[in-house]
Amino acid sequence: MVHSDWDDWLVRDVEDASPDGVSIWYLGCNGFIVKGREGTTIFIDPYVGLGDPPRTVRMIPVPFSPADVTEADAVLATHEHTDHVHGPSQAPILENTGATFYAPDDSLAVAREDENWTDEWNVRDDQLSEVAEGDTVEIGEFTLHVEPAHDPDASHPVSYVLEHDAGTVFHGGDTKPGEAFDRIGEAYDIDLGVLAFGTVGQIPDKETREPKRTRWYNDENQLVETAAALELDRVVPTHWDMWKGLTADPKVLHHHAKSFDYPRELEIIEIGDRVDLPA
């Protein structure tokens with residue numbers, strides 16, 4: 001059972017909200033809740049685990065308990081890493097709400113084979129739905145497009161484009177710059193994009209536990225390069241708050257972005273914050 005540092009106020013805030021268009025809450029790490037005006041609620045990469053101390057140490061609060069979630073239509077995973085596919089964080093949401101878990105094949109393998117979600121929780125196998133690049137899925141008032149991602153540390157990452165009458169949201173998971181993003185930027189009018197940002201640190205190796213120079217996320221130039229290719233109106237940097245040794249200051253992105261046409265706006269938010277795409 002996951003214990004929330006914030007009790008259930010964030011979950012209740014989301015469930016009580018009535019967006020004019022689309023509202024988006026940041027869960028820290030790379031997690032979000034997206035809710036539309038008709039009530040469709042989508043979780044993207046929600047993670048409330050503590051990491052694997054002392055290798056990966058969570059630096060932010062656990063903002064909610066998955067057992068407290070009573071409204072969700074879908075949970076999306078961008079790739080198979082633990083902070084993106086995690087049974088204790090996500091399976092109780094499926095169990096409580098009947099939501100569908102959408103993820104690429106290697107992510108579903110974690111849920112089905114490594115963590116046995118259907119045995120450990122009251123989750124049906126038909127709640128686990130495989131998606132791949134090029135797929136389009138209707139989720140309530142949203143249209144979900146599955147697009148490529150470029151994350152050399154993942155075996156099969158994808159990015160997601162959520163279209164709604166009020167605007168379009170892009171979530172890149174832990175992607176770095178990639179060849180597909182110029183095409184994606186031309187194909188969609190993206191109002192708000194989410195890109196992972198961090199620094200380089202000395203993280204203990206998974207096998208030897210010896211310190212190893214580690215870069216998991218975009219640096220300043222990579223993030224702006226990706227945002228420019230995607231032609232983002234607003235970019236939200238994520239992941240910079242999460243792991244001890246890899247945290248970063250997103251304010252430095254102002255200097256790197258100011259001479260480019262995109263992103264037009266840098267939106268720095270903290271865990272628990274809400275941003276809106278008005279109608």
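Quantities reported herein were computed from a predicted structural model and do not represent experimental measurements.
A donor-acceptor contact shorter than 3.5 Å is absent between the side chain of Tyr160 and the backbone of Ile44. Here the side chain of Glu95 pairs a donor or acceptor atom with the backbone of Asn122 at under 3.5 angstrom. Judged by distance alone, the side chain of Asp45 and the main-chain N or O of Thr78 form a donor-acceptor pair under 3.5 Å. Counting only distance, with no hydrogens or angles, the side chain of Glu163 and the backbone of Ile190 share no donor-acceptor pair below 3.5 Å.
Taking the side chain as every heavy atom from C-beta outward, Trp117 and Phe101 approach each other to under 4.5 Å. Annotation: side chain of Tyr102 is not in contact with side chain of Val75 (no heavy-atom distance under 4.5 Å). Within the 4.5 Å cutoff, the side chain of Leu277 has heavy atoms near those of the Leu192 side chain. Annotation: side chain of Trp240 is not in contact with side chain of Thr247 (no heavy-atom distance under 4.5 Å).
The aromatic rings of Phe170 and Phe181 sit perpendicular to each other, their planes meeting at more than 60°, with 30° as the lower class boundary. The aromatic rings of Phe32 and His171 lie perpendicular to each other, with more than 60° between the two planes, well past the 30° mark. Ring planes of His239 and Tyr217: parallel class, angle under 30° (limits at 30 and 60°).
Surrounding CG of Asp261 are at most 12 heavy atoms belonging to other residues, nucleotides or ligands under 6.0 Å away. By the neighbour-count criterion of 12 heavy atoms within 6.0 Å, atom CG of Asp20 is sparsely surrounded, having that number or fewer from other residues, nucleotides or ligands. Glu179 CD: 12 or fewer foreign heavy atoms inside a 6.0 Å radius.
The pair Asp205-Arg209 fails the salt-bridge criterion, with no side-chain N (NZ, NE, NH1 or NH2) lying under 4.0 Å from an Asp/Glu carboxylate O. Salt-bridge annotation for Arg12 and Glu15: present, with a side-chain N of the basic residue lying under 4.0 Å from a carboxylate O of the acidic one.
Relative to the six-membered ring of Tyr262, Arg264 meets both conditions, a distance below 6.0 Å and an angle of at most 45° to the axis.
In summary, the side chains of Ser155 and Glu80 do present a donor paired with an acceptor at a separation below 3.5 Å, with no hydrogens or angles considered.
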